**Q** 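Dropping the structure in here first, questions after.
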Amino acid sequence: FLSAAAADSIQEKQIVSFNPANTSEHVEGKSDYFLFGAPKNSLKEGSATEWLKKIGAKKVAIVLEQGAWGDSHIKPFEKAISNARADLVVTERIPYGASGQDIQTIVSKAISAGADSILFTGFDASTAVIINKVQGLRPGLPFLAATEIAKKHDEDGKINVAVKDNVYVVIPGASQKFREDFKKEYGRYPGSYADRAYDGTMMLVRAMLEKSSSDDLNEYVRGMNYKG
């Protein structure tokens with residue numbers, strides 16, 4: 001929301017803005033000076049397809065946070081369900097400011113529709129609540145969280161089931177290695193987007209030091225041979 005609101009000013013003033021937690025798919029404001037650190041949500045189709053096939057899903061519910069972030073997951077989730085030869089039984093959106101009871105009602109609708117698995121994405125507060133509600137109403141119901149926030153909640157003890165036990169998180173292997181290395185060095189896990197923030201900052205610093213004044217920043221960063 002903040003990125004979208006600032007887009008016009010960023011474009012006018014030519015201020016480089018790096019968004020480690022965002023993709024261009026759900027930020028409505030546009031600027032040549034926006035750089036995004038998150039993988040595109042459309043790429044989650046592959047991971048979701050693989051997971052649905054692995055668990056043998058037949059009837060799948062989609063639960064999304066209301067807004068552009070959730071909307072950007074609809075097509076990849078629907079394609080994954082089709083790829084896995086499963087049926088979409090219901091799509092539910094978590095409204096802004098939803099209470100725990102609101103989320104429980106949404107989960108109950110998914111279960112009542114016959115869902116044998118749930119594909120989910122959302123923000124910090126709703127992620128922990130929905131995982132706990134799902135496991136409370138239907139223990140063991142397979143749940144895929146297409147957000148790394150779920151992993152952070154697991155590490156912080158905010159959910160009542162281990163991520164590996166029927167709750168799965170879409171997270172790149174390099175990100176998981178970064179988290180483990182960070183824990184060894186500092187004695188705690190990093191924030192949800194620390195790996196992207198670190199890599200993105202290093203790439204921007206290199207670009208500022210190496211690119212010529214005539215080079216387009218976006219194009220230069222895209223062509224950079226950087227291993228995070």
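Each residue takes its place number in the sequence, starting with 1. Note that the coordinates shown come from a computational prediction; the quantities given were computed from them, not determined experimentally.
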**Q** Are the side chain of Ser72 and the backbone N or O of Trp69 linked by a donor-acceptor pair below 3.5 Å?
**A** yes
**Q** Between atom CZ of Arg179 and atom NZ of Lys184, what is the distance when rounded to the nearest 0.5 Å?
**A** 14.5 Å
**Q** Residues in side chain to side chain donor-acceptor pair (under 3.5 Å) with Asp181, at least two apart?
**A** Lys177
**Q** Find out whether Tyr96 and Glu65 are in side-chain contact, i.e. whether some heavy atom of one side chain is under 4.5 Å from a heavy atom of the other.
**A**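 No, their side chains stay 4.5 Å or more apart.
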**Q** Does any part of the side chain of Val134, heavy atoms only, come nearer than 4.5 Å to the side chain of Phe120, both counted from C-beta?
**A**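 They are not in side-chain contact.
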**Q** Using salt bridge (Lys or Arg N to Asp or Glu O under 4.0 Å) as the criterion, list what pairs up with Asp124, not counting sequence neighbours.
**A** none
**Q** By side chain to side chain donor-acceptor pair (under 3.5 Å), which residues pair with Arg138, not counting sequence neighbours?
**A**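 Partners of Arg138 under the side chain to side chain donor-acceptor pair (under 3.5 Å) test: none.
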**Q** For the atom pair CD1 (Ile111) and CG (Leu137), what is the distance rounded to the nearest 0.5 Å?
**A**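 Here the rounded value is 5.0 Å.
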**Q** Could you tell me which non-hydrogen atom of Pro139 sits nearest to which non-hydrogen atom of Gly136, and how far apart they are?
**A** CD-O, 4.2 Å
**Q** Name all residues meeting the side chain to side chain contact (heavy atoms under 4.5 Å, CB included) criterion together with Ala194; count only those two or more places apart in sequence or in a different chain, and write none if there are none.
**A**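 So Ala194 forms a side chain to side chain contact (heavy atoms under 4.5 Å, CB included) with Phe178, Pro190.
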**Q** Under 3.5 Å, side-chain donor or acceptor atoms of residues 52-61 against the rest of the protein: list the pairs with distances, not counting sequence neighbours.
**A**
none

**Q** Shared ILVMFWY cluster between Leu144 and Leu88, side chains joined below 4.5 angstrom?
**A** yes
**Q** Which pairs pass salt bridge (charged side-chain N to carboxylate O under 4.0 Å, His left out) with one or both residues in residues 88-98, sequence neighbours excluded?
**A** Asp71-Arg93
**Q** Looking at side-chain heavy atoms only, is the closest gap between Ile81 and Leu119 below 4.5 Å?
**A**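 Yes. Closest side-chain heavy atoms under 4.5 Å.
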**Q** Hydrophobic cluster mates of Tyr189, side-chain heavy atoms under 4.5 angstrom, ILVMFWY only, any path?
**A**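 Taking Ile, Leu, Val, Met, Phe, Trp and Tyr as members, Tyr189 stands alone, with no cluster partners.
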**Q** With rounding to the nearest 0.5 angstrom, report the CD1 to CG distance, Ile118 to Leu141.
**A** 5.0 Å
**Q** In residues 99-109, what donor-acceptor pairs under 3.5 Å come from side-chain atoms, sequence neighbours left out?
**A**
| residue | atom | partner | partner atom | Å |
| --- | --- | --- | --- | --- |
| Ser99 | OG | Gln101 | N | 3.4 |
| Ser99 | OG | Asp102 | N | 3.1 |
| Ser99 | OG | Asp102 | OD2 | 3.1 |
| Asp102 | OD2 | Ser99 | N | 2.9 |
| Gln104 | OE1 | Lys133 | NZ | 3.2 |
| Thr105 | OG1 | Gln101 | O | 3.0 |
| Ser108 | OG | Gln104 | O | 3.0 |

**Q** What do you reckon, is CD of Glu50 surrounded by more than 12 foreign heavy atoms closer than 6.0 Å?
**A** no
**Q** Once you round to the nearest 0.5 Å, how far does OG1 of Thr127 lie from CG of Asn132?
**A**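 Separation between the atoms: 11.0 Å.
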**Q** Write down the atom of Phe77, the atom of Thr121, and the distance for their closest heavy-atom approach.
**A** CE1-N, 4.4 Å
**Q** Kindly write out the residues that satisfy side chain to side chain donor-acceptor pair (under 3.5 Å) with Ser117, not counting sequence neighbours, or none if the list is empty.
**A**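 Listed in chain order: nothing, the list is empty.
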**Q** Specify the closest pair of heavy atoms between Glu45 and Ala80, including all atoms of both residues, with the distance to one decimal.
**A** O-CB, 3.7 Å
**Q** What pairs with Thr49 under side chain to side chain donor-acceptor pair (under 3.5 Å), at least two apart in sequence or on another chain?
**A**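 Per chain and number, Thr49 pairs via side chain to side chain donor-acceptor pair (under 3.5 Å) with Asn83.
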**Q** Drop me the distance from Ile130's CD1 to Ile94's CD1, to the nearest 0.5 angstrom.
**A** 4.5 Å
